[in-house]
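Accompanying notes for the structure given below.
Keep in mind that the numbers below use all heavy atoms, side chains included, and drop hydrogens, waters and symmetry copies. Counting starts at 1 for both ligands and their atoms, following the listed order.
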Amino acid sequence: MLSTPVSDLKGVGCKISQAFKKAGINTVADLINWLPYRHEDFSSVSKISNLKPGKVTILAKCESIETKQVRRGLKITTAVLSDGDSKVRAVWFNQPYRSTQLLTDKLFLFSGSFEFNYNRYQITNPSVEMPKKFGSNEPNNFLEPVYHSIKGINPRQLRRFIESVRPTITMMQEIMPQFILKKYGLISRSESYLYMHFPKSRDEIILAKNRLAFDELFEILLASQLNKQANTRLKSRSIKFDQLAVANFVKSLPFSLTNAQRRVLWQIIQDFESSTPMNRLLQGDVGSGKTVVAGSAAYICAHAGLQSAIMVPTEILALQHAETLQKLLSPFGVKMVLLTGSVKGVKRKCLLENIANGEADVIIGTHALIQKTVVYKNLGFVVVDEQHRFGVKQRQELLAKSSLMPHLLAMTATPIPRSLQLTVFGELDISTIDELPSGRKPIKTQIWAPTNTANLYDSVEIEISKGRQVYIICSLIDDNPENDTKSVEIEYRKLRSTIFNHRRVAMLHGKMKPDEKDKIMNDFSAHKIDILISTTVVEVGVNVPNATIMIIENADKFGLSQLHQLRGRVGRGEYQSYCHLIMSDHSKPSQRLREIEKSNDGFHLAEVDLKLRGPGEIYGKSQHGTLDLRIASISDTKMVERVQLAVRDFINSGEDLLQYKQLSKRVQKYQRLTNLN
Ligand code: ADP
Ligand code: MG
């Protein structure tokens with residue numbers, strides 16, 4: 001039975017049961033779910049004399065074998081294998097049991113990597129299989145599952161235990177509705193596990209993975225659809241559309257909105273009118289002009305007599321937004337306040353009063369907005385800027401500050417690839433600003449070796465003399481004697497006393513006091529500073545259109561989306577902008593840097609990032625708990641779309657999810673994970 005404890009299996013003693021437990025395997029079901037991460041292919045057997053470096057399989061006898069304890073925690077087992085004609089060395093790490101396994105006169109199949117190591121060719125860590133299992137000495141098409149190892153249980157034992165629960169696998173119950181299986185050509189759940197653990201062909205593995213991946217995605221997608229339905233049952237305040245007022249406001253802006261901005265604003269206006277809460281994600285590349293959209297929506301909300309809260313991740317950004325929006329909103333009599341952690345004492349008390357009695361219409365701030373002491377009079381609209389910087393919990397806390405559910409607009413410059421839109425973000429409506437304000441020139445990006453920077457500084461000097469400004473990003477604040485990563489303090493001292501001693505150089509980092517930071521940021525905005533040497537505190541949102549050069553020291557230490565964000569601090573105005581990525585050393589630039597150099601398109605880069613790092617890294621922990629995707633690849637858009645159709649079929653069928661006990665349990669887990677309300 002699936003629920004049988006593994007300790008009841010034959011051969012599982014106290015020690016092994018402990019080892020299983022450590023790996024999270026308590027029941028037979030857990031054991032069955034310990035799926036192989038790949039399959040070794042024994043189908044092509046080579047003669048030893050013909051071996052070429054790379055993955056090989058040979059049919060050979062073990063002539064001699066010995067194990068040495070090299071140091072604590074490392075035992076090396078070395079064997080000489082022979083196929084009658086020639087001999088080859090094989091080496092295993094920490095697998096001393098190989099001696100007892102191999103010292104017989106029998107032929108085995110060895111499969112592993114044939115490589116040049118320690119001055120000779122050898123096969124490293126080969127897996128071993130008995131050919132007689134397939135009835136002949138010439139196996140064909142044999143595939144052996146390879147499992148993540150479990151400390152205290154050797155792979156041979158593990159396979160024996162899995163073999164022993166084969167009858168249970170054969171009797172596994174289906175969890176999916178039959179009509180879905182049929183329509184989407186899926187094998188049964190039981191078959192899929194049998195094929196994963198005991199495949200007879202590559203095709204079987206493909207069928208099995210296809211089915212298991214389908215299940216994983218189906219659970220996530222169904223969960224987000226159910227959350228979406230639940231959202232439509234909530235109540236919010238409807239905000240009426242006053243065409244004249246909106247037209248006047250838009251006319252007052254210092255520029256005309258792009259078509260994309262207009263489209264998104266219109267979507268928001270329509271959502272506002274409804275008394276079910278808006279649940280919208282606005283994605284737009286860096287510099288595409290999301291702030292003014294949020295500001296316009298906040299105006300509409302204030303015009304209808306309701307409060308808006310705009311939450312941003314850093315104090316610098318809060319300050320800057322406050323300044324931008326103040327200019328737009330105050331002519332219309334909209335009162336805006338700025339609430340951050342550094343507003344203290346009487347000033348804070350007054351602010352809180354203004355928020356509570358409704359005098360403040362638009363409240364901009366950092367995490368401070370969700371503190372207990374902040375009470376809103378009638379919060380109708382919540383904006384979360386740079387939403388990936390916040391957890392689900394923080395969004396929820398802000399939304400909970402109102403008796404009726406406020407409308408939510410989450411904004412991000414890290415575009416969400418289509419497959420993730422459908423899965424993790426499936427319950428949100430998504431708006432996209434897919435066009436930059438006119439007149440923007442693509443940023444020119446270049447990778448530099450660390451010693452080449454004299455040329456670079458010449459070009460910086462030319463830009464400054466044209467009246468432009470420069471960011472230089474270092475990852476550290478102080479110098480760290482243990483590595484040679486550049487630091488803000490040292491670069492600041494160096495540059496202002498040497499090449500740029502005739503220029504206005506300043507530094508900025510997170511350890512400075514809030515009012516110091518404000519002053520520097522304001523001075524940079526007002527062009528009282530030419531070169532700003534900073535940590536990544538300027539990474540998100542900061543907007544100084546006159547800055548045209550972004551220099552990133554130790555660029556190889558940054559992630560792809562972070563580099564794109566940093567680069568997005570330039571190219572925000574009419575001037576040609578440049579981004580210089582300086583390597584830590586003379587090694588070859590990574591694919592990441594190459595991609596950044598080639599492309600300015602945040603959407604493309606997000607897809608690349610997803611492929612390079614996987615969704616867990618990008619969208620995983622902080623926001624959604626762990627996405628339990630073991631087989632499915634969330635970047636497989638085709639598959640995701642197919643599963644989405646299946647989810648729709650299921651919902652339309654009117655079948656009750658609770659009827660499918662196991663399925664509903666798993667779906668509920670995801671519902672809690674991704675829920676935004
Ligand atoms: P992001 O989408 O990265 O948050 P911002 O909202 O900070 O971008 O806008 C970037 C810059 O573009 C700002 O200086 C803003 O004033 C300007 N901007 C926004 N919309 C337009 C527009 N339609 N035409 C010209 N400039 C615009
Ligand atoms: Mg922004």
*asked:* Is the contact between Ser256 and ligand 1 made by the side chain, the backbone, both, or neither, using heavy atoms and a 4.0 Å cut-off?
replied: backbone
*Counting heavy atoms only, which of Glu574, Lys290, Arg572 comes nearest to atom 7 (O) of ligand 1?*
Arg572
*What atoms of ligand 1 come closer than 4.0 angstrom to any heavy atom of Ser288?*
2 (O), 8 (O)
_Numbering as shown, the atoms of ligand 1 that approach Thr258 to under 4.0 Å (heavy-atom distance)_ = 23 (N)
*Between Asp385 and Lys290, is there a salt bridge with N-O shorter than 4.0 Å?*
no
*For ligand 1, is there an N or O atom under 3.5 Å from any N or O atom of Val292?*
no
_Ion pair Lys486/Glu553, N-O distance below 4.0 Å_ = yes
*Set of salt bridge (charged side-chain N to carboxylate O under 4.0 Å, His left out) partners for Glu516, sequence neighbours left out*: none
_Within ligand 1, which atoms have a heavy atom of Pro545 less than 4.0 Å away?_
14 (O)
*Taking heavy atoms and a distance under 4.0 Å, where does Asn543 meet ligand 1: side chain, backbone, both or neither?*
side chain
*Does the side chain of Leu325 reach to within under 4.5 Å of the side chain of Tyr299, using non-hydrogen atoms?*
no
*Any ion pair linking Lys511 and Asp478 (charged N to carboxylate O, less than 4.0 Å)?*
yes
_Taking 4.0 Å as the limit for heavy-atom contacts, which would you say applies to Met411 with ligand 1: side chain only, backbone only, both, or neither?_
neither
*Shortest reach to atom 12 (O) of ligand 1 by a heavy atom, considering only Glu386, Arg440, Gln283*: Arg440
*Sequence neighbours left out, what passes side-chain contact (heavy atoms from CB on, under 4.5 Å) with Ser584? Give chain and number order.*
Asn554, Asp556, Lys557
*Which ligand 1 atoms are under 4.0 Å away from a heavy-atom of Val286?*
3 (O)
*Nearest 0.5 Å please: distance from the CD atom of Gln307 over to the CG atom of Asp361.*
7.5 Å
*Hey, could you give me the OG1/OH distance between Thr548 and Tyr575, rounded to the nearest 0.5 Å?*
9.0 Å
*asked:* Using a 4.0 Å cutoff against the non-hydrogen atoms of Thr291, which atoms of ligand 1 qualify?
replied: 4 (O), 5 (P), 6 (O), 7 (O)
